[in-house]
2 protein chains.
Amino acid sequence: MADVATLAGVSSQTVSRVANNRQNVDSATREKVLSAMQTLGYRPNTAARALVTGRFGALGVISFDVGAHGNARTLGAIADAAREADFSVNFMGVRAQTEAAVRHAFQHLMLQSVDGIVLVESQMLDTPSLRLPPSMPVVVADGDTGHEYPHVDFDQAHGSQSVVSHLLGLGHRTVWHLAGPADSFAARRRAESWRRTLTDAGAPVPPVVYGDWSARSGYRAGLDLAHRPEVTAVFAANDQMAMGLMRALHEAGRSVPGDVSVAGFDDIAEAAYLVPPLTTVHQDFEVVGKHCVALLLDQIEGRTDGPRRRAVEPVLVVRSSTAPPRPGAPA
Amino acid sequence: MADVATLAGVSSQTVSRVANNRQNVDSATREKVLSAMQTLGYRPNTAARALVTGRFGALGVISFDVGAHGNARTLGAIADAAREADFSVNFMGVRAQTEAAVRHAFQHLMLQSVDGIVLVESQMLDTPSLRLPPSMPVVVADGDTGHEYPHVDFDQAHGSQSVVSHLLGLGHRTVWHLAGPADSFAARRRAESWRRTLTDAGAPVPPVVYGDWSARSGYRAGLDLAHRPEVTAVFAANDQMAMGLMRALHEAGRSVPGDVSVAGFDDIAEAAYLVPPLTTVHQDFEVVGKHCVALLLDQIEGRTDGPRRRAVEPVLVVRSSTAPPRPGAPA
DNA sequence: CTTCAATATGTTGACGTAAACATACCGACC
DNA sequence: GGTCGGTATGTTTACGTCAACATATTGAAG
């Protein structure tokens, strides 16, 4: 910086002003400084800047397995939103579903100088209430709404409800549910809302069938459901399970949606190209990322009047895998 | 740090020594300092440390869509390996397949104070030879081997070869190939090696069928291939396409592996649970992550004698989707 | 008892930046 | 023409740490 100042014939403070885009710099001076920067290949030193400002310009993201589609999408969205706000993203993966593992990742990120942390919780930990070291802004995504931190998630309840209502509206007497694993927050909420929507509508509540998000588990559940003639509509908690389910139904000679309507959740890229194209619930991860970053910035910048909870509305996408029940179907 | 020093009754320099785990500190003094740190909740300031040492303790990762399975896995593996080396990972996503977009992400990461950058290239850019600003260690993963940077990738050629050899060894006269998109480096290498293995074995080379990695594209290709009785073995360039392919064959009444053997590439989580379980090529992403970090550290620490190219050997996993051709099948 | 080496600890200064304050200049107004 | 307010720029200082050097202490060897 000193070299730039010398070359441009100004003080280092003026260089600093130009680097930070302050307004009160003469345009001619600014030009001189910029060209000097160019000549010398000057890059501001973020460490020195952070030392003075106390800000690092970085957000931390803690997430479970990024091999999982939702987690990866969420991470990508947070990274995009962070860049918009001129923050970089420090990523740290966690393997074990334990509070200890999360806390360890947290400690590591604190040491790595981030201004705030997004915890993509997605799965339940071994302890019911997460307690992290204070003095660090935190936002939880996809996780438990029980603890003290601001929270961002899709409105799973609304998504489920729209699917179940859609199927009931088509004339189905009730809707079966192929749920995700019990340790997933999203799976729980989807199942709860499915149940409530049925009871609110006065429809009978069939037993829940559990899968593990995989197509394989959907297939196995489907082999069972295919033998029950009373099953005319199934809501799978994600698209992969819906895929497996449809395949099992097909193999058992039950047509979709002729004999059985099937709906999923997530709207993965392939959903529109399945046979038949899958009715599902679309989720806008970009919005989730934006909200996470916004809530974090609220805390970092000391704003306490903002919302502490954001629910992103998913949208029902009706395709061809759902239809009215066949007339004269078992009631 | 000054407070810790006061509380422990030592100088700040001694605190620094304890924080950095230097040897020449009396164990009693060390204890005092550590307990003072505990009491005051002291955390070293990485910005100040970076300012003095010139090191940031962070690696940058630039990647295309993390929604893609391979990219997400690679990112996760790099993050894990980086943590082992006490580096954090600064992630930046790139949407457009242009050199300009990559260069932009690169600039941003340079400003964000990283010690080196891994570029997960995976897809071809608009310009043939990538040129990045110098004075920053770079490692390219999954990408073009043509440019100057050290490179890490799976040995796609070997993986392809083992699949094709396996199928030829079972007695198939030749092997068809369902390739990935032309702008993918991995897809190109897999296709090239498939072709070479066939010609080396004196087998005829059928026309290449192109997909786009999706199950849908595999399905569509399968609808076509199913009508050709001369097709007895197909090597799909990834597992998703193999899935779609198998489904199309099944619908067309051609059994797998009875009528047609199918092999994939990637060994995704579902591969072992398909019907039939898929013969495919397993890739160890963890090793790729480790190599990326190791090559980067070589550069950061000024070692120039290390290897400049690392190929991770994928492993053929034979399951039930491949078998000898039906006796008396068309030759 | 002196000398020396080894070990433990303290003191000083520098890293690159931006905030706070100080100064210089300009034009407008009474 | 003097005072005032605004704008452009310069000067000083502190941020938290660690390297380099300086000093104190200890024990062993001569």
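Bear in mind that the values here come from a model prediction, so they are computed numbers and not experimental data. Just so we're on the same page: letters track the sequence lines, and every chain starts at 1.
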Backbone of [Y] reached by a side-chain donor or acceptor of [X] within 3.5 Å:
X        : Y        : answer
B:Asp183 : B:Gln123 : no
A:Thr6   : A:Ala2   : yes
A:Arg189 : A:Phe154 : no
B:Arg49  : B:Pro44  : no
B:Gln156 : B:Ala186 : no

* Asked: Roughly how many Å is it from CG in B:Asn45 to P in D:dA14, rounded to a whole number?
  -> 17 Å
* What is the distance, rounded to the nearest whole Å, between atom CG of B:Asp3 and atom C1' of D:dC15? -> 14 Å
* **Side-chain donor-acceptor contact under 3.5 Å, A:Gln283 with A:Asp266** => yes
* So which of residues 49-58 of chain B are in contact with DNA chain C, with a heavy-atom cut-off of under 4.0 Å? -> B:Leu51, B:Val52
* May I ask you to list the residues of residues 11-25 of chain A, by number, that have any heavy atom positioned under 4.0 Å from an atom of DNA chain C? => A:Gln13, A:Ser16, A:Asn20, A:Arg22
* To do: Would you mind telling me which of B:Val15, B:Val18, B:Asp26, B:Val25 makes a side chain to side chain contact (heavy atoms under 4.5 Å, CB included) with B:Val10?
  => B:Val15
* Asked: Of A:Thr74, A:Asn71, A:Ile78, which is the lone residue that meets side chain to side chain contact (heavy atoms under 4.5 Å, CB included) with A:Val61?
  -> A:Ile78
